[in-house]
Structure formats: structure tokens, C-alpha cells
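Down below is the structure, laid out as C-alpha cells.
Atoms considered below: every heavy atom in the structure, side chains included; atoms not considered: hydrogens, waters and symmetry mates. Quick note on labels: first sequence line is chain A, next is B, and so on, each numbered from 1.
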There are 2 protein chains.
Amino acid sequence: MNQQELFGQIQKKRSFLCVGLDTDIQKIPQHLMDTSDPVFSFNKEIIDATAEFTVAYKPNLAFYESLGSRGIISLEKTVSYLKSKYPNIFLIADAKRGDIGNTSSLYARAFFDKQDFDAVTVAPYMGEDSVKPFMTYLDKWVILLALTSNKGAYDFQFIEDKESGEKLFETVLKKSQEWGTDENMMYVVGATKAEKLKEIREIVPNHFLLVPGVGAQGGSLQEVAKNGMNAKCGLLVNSSRGIIYASNDVDYAEKARAAAKEIQQEMEVLLKEGGLL
Amino acid sequence: MNQQELFGQIQKKRSFLCVGLDTDIQKIPQHLMDTSDPVFSFNKEIIDATAEFTVAYKPNLAFYESLGSRGIISLEKTVSYLKSKYPNIFLIADAKRGDIGNTSSLYARAFFDKQDFDAVTVAPYMGEDSVKPFMTYLDKWVILLALTSNKGAYDFQFIEDKESGEKLFETVLKKSQEWGTDENMMYVVGATKAEKLKEIREIVPNHFLLVPGVGAQGGSLQEVAKNGMNAKCGLLVNSSRGIIYASNDVDYAEKARAAAKEIQQEMEVLLKEGGLL
């Protein structure tokens, strides 16, 4: 999916919501545990209930890997289901990968070839050759960690460069623009650092930003939109727990739908205020 | 496995060799392609041929993930085989993971609970809460990326802090010592930066270092030992391609054994020179 198509979906659905499919086997409603693949059963119902309000889904790989190969099978089934039934929804592997060049190529093969994700989150620590192999696939995306939503973000991401005075996350934003464009790169910027979005927009005015941390982690959607929206929206705001665990009973899909719809309606207002609808 | 046990194995085998099980399906000898699980068949023969000379094995996850769930099954079989037949060999998941705290806990579950690895490589960009969940398991280890062997290492790892003057990889080494000890943390330091090992030893005198990049990537074993060895050896030197692809014919296991033995013999000399045997 290219940038224009993604923006088209945002306008059509009046939403820039990404639903995090962080499906924890220990939190799945009891009645699904008798199915042959509880994680896939859960995801399928969540997807069907929320797809109307959602432009992207983002499974975090840790949840699937924690179940071993069985979890990866559940993930593969989820991706196939999404790609066949909802081909216009943007699909992000939240994997935070990154390795030396020839190894990163294999990760790219895993996510873009073997599975049909549209994007993978990548950690920047190992630099250019760890990131570029993900950008050799047409209309596939790297989403590079820039400023994350967690407390540990303060350990290294704010270190200031002796020469330039730039903070590390700013250097990551600037340097990585030599590697790709706003047609194959996005950045992770946590909603808990929404006040930083204005400065970040000066460095990357046209790139899409993937913004986790709204809801459970405490970030505000209004703040994110105010500081981060650009002429093509430029935002994918993720919510996981607030949607997929809106209820842990038989009505979980229905409640997830209601939670997604509520965010979509807020987003519709923000898109209108931004002059994008 | 704890530090003393690892050092015991090093003395017993007169080796600090780690064999990288970076098994690429496209490079497996043709005669194995008819077996039901070529990757596992390949690994099993490589392991049996090299275990005598090896204190650690390190599958890089990318190679297995590039085959989807089938690859993860091959990996699970490899780990089970190693743990049952060679329980005293240290087993490293080269995964370069790292995510917000509750998600890193799931990665820890994946590698330490679901599978029985002794250590996982972790990327430092997201800071403390992304690393610590891996250190809650007794005698399990985090191997944190400090200074990597690739060209991209120069993009961010050498950025100097305005306040302290420290390079980023030095800050990673120092800061992370607040999170763990030399009993649950090691560091990745590329052999291509062997001249840096002396400075690194001043910051982390007692920690084990995992050193990739000897051989195919051009690093020298002698340089690594000269600058990096400590009183408990403190080094695991990885070789992948030079061993597992020493031949791509029916004699591949035999040639892998010869290649591993050659390195072990070099290491025995270096251990003696270091007064450790």
C-alpha cells in the first residue's frame, strides 16, 4: 500500500485508528479456550467487529512468539484472514527487528515475502545496513523507532550530541532520511511524548507517524492530532488494550466494536478540524 | 547456566567458541532437501560434528523466521535436541529483541519459558524497562548490543554525549550496569572493532562479551583475545559461515568439524597464553 492509498483509506473510513492485536492467551475470554486456535478465533472476531472503523492492524510479535510455533501459526492465519477479507487495511508487524544487513534481509523476507505485512517496526541502534533491506520491497514500509512511549525512552533517546546538540531521537529522524523517503518510511513516536510531536514535525513534515501509547499508556488523542497531523493526516494512532480487552466476556467483540467506534468518531472530528474531510 | 559453570565448560573444552546456527535453507546441501525437515537435519549434523569443540550455539532467529512457522518448528526441535543431548552447552537466541516492559516480558517467556535458551540478545534503544524483564529468570542472561560489527554501527553508536563526552556504546555499557550484573548480563562487541575491546574492558572488566564478526566479517581472534580476555576468559567468540558452510556438499559436517577444531586449537593456545588452562 502506498502513501496515497493509505490516506485514501483514512478519508474513506474517517479514521486513522490502528488496532493493536496484542492477543494475550491469558486474557482471552474463557468460552474461546475450547476452540482449536483460541488466539485466531479471538483475532477473527475482533477484526470483524472493528474493521469498519480501522485503517490498520498491528499484531505485536511478542504475544505470538510467547506461544512458540503454535503462536506463529495463529499469526499466519490472522494475516491471511486480514489480507483476503480486508485487503485495504494496512498491516503492521510490530517486531522491532534490526540486524546486520544480510540478516535484516531475512527478517524482511519473513514479514514481506513469507507473510504479507505492509510494514515492520525496526530498531535503529545498528544503523543504515540494518534498516535498508526492509525498503527493497515495493509499497512496503519500515517504521523506525524514534521516540518510544515507555519510561526507558529517557535512558538513551534524549542523549544530546556533542557536535550538533541534537538529541539521539532527532539524529535518528534526520539521519534515516538519507536511507528512505516518506513513501517507504514511517516513525514510531509515543503519544506519551505528544508535546514533542511539534518539533518532530519540523524534522519529518511529510512522514507518517505511528503513535502508540494512547489510552492505557496515558497519551491524549487530541494532543497527538493537534501537534502531529499533516496534509495527508500523517498519523496512525494505535490502541490495543482499550479495544481488544474492552470486555473479557462473551460480549468482547461487541464491546471492542463500541470502543473502536468511539475512537473513530473522535478521529472524524479531528480530521474535519484539520480540513481533511 | 551461571558464570562459573560457563567458565568451567570453557576450561574443560579448552575453547570459547560459539557456533552460529545461521542456517539458510538456500545454502543447505542438496542431499538434505529430501528430508522432512532439512533445517533441523542440517543443524543436527552440524551440532554432532562440532559439539566437542564448542561451548555455545547461537541460532539467529531471522533465518528461522524467514521460513514462517515451519522455521520456528525447526528451531524448537534444534533447541530440544541440544538441551537433551548437550545440556552443558550455552544456548543463545540471537534475536535482538526489545520492547516496552510488559511486551519484553512476553519475549522473555518465548525464549526462556517456551523454549529453553540460556540467553537472548537485546537491543538497548528503548532503555531499562525493555531490558530488565529478561533478567528475572535464574541463570538466564541478557546479551545487550553495545558495539556491533556492521558498518551501520557508525551511524549512532559513536555519537558523543554533550555532557559526559561518552560515546553512545559507552553510555549503554555504563548505564546498563545499573540494571543487572555480570551474572545476568553480557554484551555484544563486534570483532571488527577489536581495538575498542581494551577500552570496553575498562568499563566492564568482569562481564562476558559475545564477539561476532571473526572470520567472514574480517575480525581477528588474536586481537580479540589480546584485548578482551579476562580472568574467567570473558569471551564467547562466534563463527557462523566459516564453520557451517565450510563445505556445501555431503561432507559438510566433517568439514564443519575440521573448521571448528581449528578454531578450538587456536583458542586453546590463547587460553594458555592467558594463564587460564
**Request:** Can you tell which part of Val131(B) gets under 4.5 Å to a heavy atom of chain A, answering side chain, backbone, both or neither?
**Result:** neither
**Prompt:** If you count heavy-atom pairs under 4.5 Å with chain B, which of Arg70(A), Lys175(A), Lys132(A) comes out on top?
**Reply:** Lys175(A)
**Request:** Side chain from CB out, backbone as N, CA, C, O: work out which of these in Gln26(B) comes under 4.5 Å of a heavy atom of chain A, or both, or neither.
**Result:** side chain
**Residues from residues 109-121 of chain B approaching chain A under 4.5 Å (heavy atoms)** = Arg109(B), Ala110(B), Phe111(B), Lys114(B)
**Prompt:** Are more than 12 heavy atoms from other residues, nucleotides or ligands located less than 6.0 Å from atom CD of Glu163(A)?
**Reply:** no
**Prompt:** Are side-chain heavy atoms of Asp161(A) and Phe156(B) found at a separation under 4.5 Å?
**Reply:** no
**Prompt:** Is the CD atom of Glu178(B) crowded by more than 12 outside heavy atoms at less than 6.0 Å?
**Reply:** yes
**Request:** Measure the spacing between CG of Asn150(B) and CG of Asp99(A) and express it to the nearest 0.5 Å.
**Result:** 8.0 Å
**Prompt:** Can you name the closest pair of heavy atoms from Arg97(A) and Tyr107(B) and give their distance?
**Reply:** NH1-OH, 3.4 Å
**Asked** Which pair of heavy atoms, one from Glu76(A) and one from Gly68(B), lies closest together, and at what distance?
**Response** OE2-CA, 3.3 Å
**Message:** I'd like to check Asn102(A) versus Arg241(B) (side-chain heavy atoms, cut-off strictly below 4.5 Å). Are they in contact?
**Reply:** yes
**Item:** For chain B, the option from Thr148(A), Leu106(A), Asp22(A) that forms the most heavy-atom pairs under 4.5 Å
**Value:** Leu106(A)
**Asked** Backbone N or O of Ala146(A) within a donor-acceptor pair of the Tyr125(B) side chain at under 3.5 Å?
**Response** yes
**Fill in**
Taken in chain and number order and not counting sequence neighbours, the residues that satisfy salt bridge (Lys or Arg N to Asp or Glu O under 4.0 Å) with Glu166(A) are Lys174(A)
**Fill in**
Scored by heavy-atom pairs under 4.5 Å with chain B, the best of Ser176(A), Ala108(A), Ser130(A), Pro124(A) is Pro124(A)
**Message:** Is the shortest side-chain heavy-atom distance between Lys96(A) and Lys96(B) below 4.5 Å?
**Reply:** no
**Message:** Applying side chain to side chain donor-acceptor pair (under 3.5 Å), can you list everything that pairs with Glu170(A), at least two apart in sequence or on another chain?
**Reply:** none
**Item:** Side chain / backbone / both / neither for Thr103(B) at chain A, heavy atoms under 4.5 Å
**Value:** both
**Message:** Counting only non-hydrogen atoms closer than 4.5 Å, can you tell me which residues of residues 57-66 of chain A sit against chain B?
**Reply:** Asn60(A), Leu61(A), Ala62(A), Phe63(A), Glu65(A), Ser66(A)
**Prompt:** Looking only at heavy atoms, what is the nearest atom pair of Trp179(A) and Asp155(B), with distance?
**Reply:** CZ2-OD2, 3.6 Å
**Request:** May I ask you to say whether Asp129(B) pairs ionically with Lys151(A), meaning some side-chain N is under 4.0 Å from a carboxylate O?
**Result:** no
**Message:** What's the separation between atom CD in Gln157(A) and atom CE in Met126(B), rounded to the nearest 0.5 Å?
**Reply:** 7.0 Å
**Request:** Taking the side chain as every heavy atom from C-beta outward, state whether Thr171(A) and Ile159(B) have any pair of such atoms under 4.5 Å apart.
**Result:** yes
